[in-house]
Amino acid sequence: MINPYKRQDIFRCHHDSHNGFGDVVSAYHVMKNKRCFPNGCVYFRWRCSLLDKGNPCIRGYNHIGRNCPGCRYYSEDKEMNRPEVEVDARVYEDFETELRAFEDWVRDHTGRRVTFYGRIHSVKPRFRGASDGKSQRLSFHGFLLVFQEGYIGKDHFEDFCYATVSRGLQGRWQLRRGDVVEFEGDFGLDRGRLVLSKLNRIEVVERGDGEVWTESQAHVARATGTVFASQEEMCVACPRGALVDMVDETDGRHYRRMFCMEGMPDPALCTYQRGSLLQIEVCLEDRERLRRMNGAGR
Ligand code: SF4
Ligand code: SF4
């Protein structure tokens, strides 16, 4: 079983917000988040005649937001967007069948305790972010275990899935890439991603050789890292890159950003990847799956 919500080969959308991702949108974004297929969505493009010309905002904002209507420099254009199906009718029908089976399976498991068995692909700190239009701040929320596949009960889930662990649990178990683990957790979906939480009955069946993240390292990364507007493929695949759920406090908008824990000013200037590219064991198949994984929050 895979997670059809994460498929990025079904739809394309030319809305500006997807340009940074090559017009790629996940099935989750289209079918569950925006519910914009087949009717499309109406979008009000906010404009600021000051910021558009590179002039500073009279209220000190860096971008247009919910507080702008009423300002004499503000205007809006109404636009219509519609996602396009990228596959032929037969493939789309198969996708719908796959989606129905997945949703039935999710319904059967949601809210239940499940057993999980799998090898940890990576461990990353979990950050959440907020922006007030002038600055961004991140807060630390424990760690995220990333699995490329695993067994949920007796079902082989052949796609990315995740487990959240508290800082206390990570301090006790020192989980790392390569560990084979077994545990029980609450089953749930978070923006199309399968996430297990409230872990107990943890057993490390085999120890891996990855680095162990500590809470103090996570705090250093939070303080010294950088947030990128784009989600470069190399950052998604990088062990020092983490996707961060952000909220814009000026308009309540939720979005995802790439956070570089190495503090690189720009992916194009990344010296970490240049120095260690050969050490990052991400095969082409991994990258394809990571690309699919990357779309659900948009
Ligand atoms: S408040 Fe909004 S519309 Fe007005 S100048 Fe600032 S950014 Fe532009
Ligand atoms: S270290 Fe380089 S590749 Fe990794 S997240 Fe930062 S900029 Fe991206």
Side-chain angles (χ1 to χ4, degrees), residues 6 8 17-24 26 62 120-131 135-148 160-165 167 170 175-179 190-191 193 195 208-247 254-298:
K6 311 306 297 182
Q8 298 200 342
S17 63
H18 306 304
N19 289 351
F21 312 94
D23 294 342
V24 168
S26 68
N62 290 325
I120 297 175
H121 177 63
S122 60
V123 180
K124 295 182 179 185
R126 287 174 71 213
F127 299 114
R128 288 196 201 120
S131 164
S135 60
Q136 294 175 326
R137 56 189 189 283
L138 296 187
S139 49
F140 170 59
H141 293 267
F143 295 87
L144 189 70
L145 311 181
V146 182
F147 299 89
Q148 282 187 308
F160 277 92
C161 50
Y162 308 85
T164 56
V165 290
R167 51 193 92 189
Q170 173 63 359
L175 299 168
R176 64 201 77 174
R177 177 184 169 99
D179 284 354
D190 175 20
R191 302 170 85 187
R193 295 190 298 179
V195 182
D209 56 6
E211 284 174 37
V212 177
W213 269 101
T214 64
E215 185 178 345
S216 54
Q217 286 171 335
H219 283 298
V220 170
R222 180 181 58 79
T224 58
T226 39
V227 177
F228 300 145
S230 65
Q231 295 182 23
E232 300 295 329
E233 187 183 335
M234 69 177 194
C235 299
V236 174
C238 175
R240 307 297 293 174
L243 285 169
V244 177
D245 291 326
M246 304 280 300
V247 60
H254 289 262
Y255 56 99
R256 283 226 168 102
R257 284 287 179 263
M258 175 56 63
F259 182 63
C260 172
M261 294 181 271
E262 280 295 306
M264 294 294 157
D266 188 292
L269 302 173
C270 177
T271 51
Y272 177 84
Q273 279 284 41
R274 213 171 291 144
S276 60
L277 195 58
L278 295 177
Q279 296 167 23
I280 296 175
E281 295 168 359
V282 180
C283 68
L284 286 176
E285 189 187 342
D286 285 351
R287 285 174 180 250
E288 185 52 40
R289 295 174 77 183
L290 282 161
R291 211 185 346 251
R292 287 174 35 219
M293 168 190 85
N294 192 22
R298 291 180 288 120

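On a predicted model such as this, the values are computed, not experimentally measured, just so you know. Ligands are counted one by one from 1 in listed order, and the atoms in each one are counted from 1 as well.
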task = Look at atom CD of Gln217 and say whether more than 12 heavy atoms of other residues, nucleotides or ligands are closer to it than 6.0 Å.
result = yes
query = Counting only N and O atoms by type, is there a donor-acceptor contact under 3.5 Å from the side chain of Thr226 to the main-chain atoms of Pro265?
reply = no
ask   = Are side-chain heavy atoms of Phe160 and Lys6 found at a separation under 4.5 Å?
value = no
Any Ser131 side-chain heavy atom under 4.5 Å of Tyr255 side chain = yes
inquiry  = Is any side-chain heavy atom of Phe127 closer than 4.5 Å to one of Arg257?
reply    = no
message = Applying the side-chain hydrogen bond (donor to acceptor under 3.5 Å, both in side chains) criterion to Asp245, which one of His141, Arg126, Arg256, Arg128 satisfies it?
response = Arg256
message = Distance under 4.0 Å, heavy atoms only, partner ligand 2: which residues pass?
response = Phe228, Met234, Cys235, Cys238, Arg240, Gly241, Cys260, Glu262, Met264, Pro267, Cys270, Tyr272, Gln273
